[in-house]
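Read through the structure below, which is laid out as structure tokens, and then see the notes.
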Protein chains: 2
Amino acid sequence: MTDGVVERSRPRDRILETARDMFHKHGIKGVGVDAITEAAGTNKMTLYRHFESKDELIVECLRANAAKAGAMWDAFEAEFPGDKLAQVHAWVRKAAAMLNADGRGCDMANAAAELTEPDHPARLVIKELKEAQRARLVTLCRDAGIGQAELLADTLSLLFEGARVSVQTVGTEGPSTQFVRMAEGLIVSFRGTAAG
Amino acid sequence: MTDGVVERSRPRDRILETARDMFHKHGIKGVGVDAITEAAGTNKMTLYRHFESKDELIVECLRANAAKAGAMWDAFEAEFPGDKLAQVHAWVRKAAAMLNADGRGCDMANAAAELTEPDHPARLVIKELKEAQRARLVTLCRDAGIGQAELLADTLSLLFEGARVSVQTVGTEGPSTQFVRMAEGLIVSFRGTAAG
DNA sequence: CTAGGGTGTTACCGGTCTGTAACTATGCAA
DNA sequence: TTGCATAGTTACAGACCGGTAACACCCTAG
């Protein structure tokens, strides 16, 4: 039996997990590879044996985040099998929970704010992962029988995205406190219109 | 006659203006003081005679941004004197214009994403300036005779904030294209409810 | 027992970062 | 002309950055 998932896992996994946590808390440019490897209980050489550069490590961290987000969608389906409308409401609750979880916003959005080079490898994966998220929410809304599913999904997306940066700038007592009310009101409103 | 506002202004003003531009384009941690002073046509010593540290320069840049934002509100009042509802719609148009202006989001939000130290001097001014913006929009909505002015203002704020980060992550062709429609729809909807 | 792959250690490279010291040049005002 | 504030120049300190070289150390598979 392994005594601690983080401590006794392979160095590559520890590095990835530690980097994800530190990038999230302190920003990408705010963390050096030395700090990551030390926190992961390893060293710089081992990092560069598994990742060819810091940029590649960043990309892998973002992909790992996306994988966790994908698991979230699967959890909705598992909790409310077939009931797409319930899953939409579950998404709202999950989003609200994230807002109060910590004062840091979305890792993808934060990375996009930091990595300004237009051809940075991370920008590509950020874009495609955000588009995948959007597609899943659109599909969910559509399958829930809501008219104008794209518009509702986009509105909910922007509200959530905005709430995350609002938490980061003014804290949890700002406009983001109204997020659930806004989202639920919108869903009701859109369900009132034509339902395909 | 001075031949160029930027070139012949005082060094302090040139540094401030140049820093604002470069922080906006490349991020705060992505720009060094050497690069700023060189682009401003001066040198590092002069910068440190006018600003006691890079952090103080950052704070001054954020304050300058807020001053420009304040001028925007005054422009609304000048264009539609007394007509608060028209000013709300002017805000929507202005916000939409900002979305397509460039792919970079709000400087305050980006700074908050980069400067993660909880006691960083910039975090205080970011919070108070964001709260001031929110207060102005709430007041405008209330004076426009809209019921639930706070809720509408917060919703519009989150939508705009979210649209700015969406532009930064997936570009101008993403959910942000629907911003005006969402905002106008919300205003109509809120005007339909009780009007005080 | 042995061979080899994964890992750890130390030292280093060249570059960049914020911030400072010491000195020189300029322009304006009395 | 003298005096002074402002600005420019060069050089540097001390720290950190991403990334690499060379070598010693396991642990396990054969």
Nearest whole angstrom, please: distance from the [atom2] of [N] to the [atom1] of [X].
{"X": "E38(A)", "N": "dG8(C)", "atom1": "CD", "atom2": "C1'", "result": "14 Å"}
{"X": "E56(B)", "N": "dT18(C)", "atom1": "CD", "atom2": "P", "result": "15 Å"}
{"X": "F51(B)", "N": "dA7(D)", "atom1": "CZ", "atom2": "P", "result": "11 Å"}
{"X": "N43(A)", "N": "dT10(C)", "atom1": "CG", "atom2": "C1'", "result": "10 Å"}
{"X": "K44(B)", "N": "dA22(C)", "atom1": "NZ", "atom2": "P", "result": "16 Å"}
{"X": "K54(B)", "N": "dC16(D)", "atom1": "NZ", "atom2": "C1'", "result": "13 Å"}
{"X": "R10(A)", "N": "dG5(C)", "atom1": "CZ", "atom2": "C1'", "result": "11 Å"}
{"X": "L47(B)", "N": "dA21(C)", "atom1": "CG", "atom2": "P", "result": "16 Å"}

Can you see if the side chain of [X] gets near the phosphate of [N] - specifically, an N or O under 4.0 Å from OP1 or OP2?
{"X": "H50(B)", "N": "dT6(D)", "answer": "no"}
{"X": "T46(B)", "N": "dG8(D)", "answer": "yes"}
{"X": "T42(B)", "N": "dG8(D)", "answer": "yes"}

| query | For the side chain of R49(B) and the base of dG8(D), is some donor closer than 3.5 Å to an acceptor across the two? | reply | yes
| said: I want to verify a distance call: between dG19(D), dA7(D), dT7(C), whose nearest atom is closest to the P11(A) side chain? | reply: dT7(C)
| field | Closest listed nucleotide, where the reference is the side chain of Y48(A) and the choices are dT7(C), dT20(C), dT20(D) | value | dT20(D)
| task | State, without any angle test, whether T46(A) and N43(A) hold a side-chain donor-acceptor pair at a distance under 3.5 Å. | result | yes
| query | Distance only, no hydrogens: is a donor on one side chain within 3.5 Å (strictly under) of an acceptor on the other, for H24(A) and N110(A)? | reply | no
Just distance, no hydrogens or angles: give the donor-acceptor pairs under 3.5 Å from side chains in residues 29-41 of chain B, sequence neighbours left out.
residue : atom : partner : partner atom : Å
T37(B)  : OG1  : V33(B)  : O            : 3.1
T37(B)  : OG1  : D34(B)  : O            : 2.9

| request: Give a yes or no on whether a salt bridge exists between E161(B) and R134(B), defined as a side-chain N under 4.0 angstrom from a carboxylate O. | output: no
| query | Any Lys/Arg nitrogen of D21(A) or K25(A) sitting under 4.0 Å from an Asp/Glu carboxylate oxygen of the other? | reply | yes
| task | Hey, which sits more toward the 5' end of DNA chain D by its nearest nucleotide, M45(A) or A35(A)? | result | A35(A)
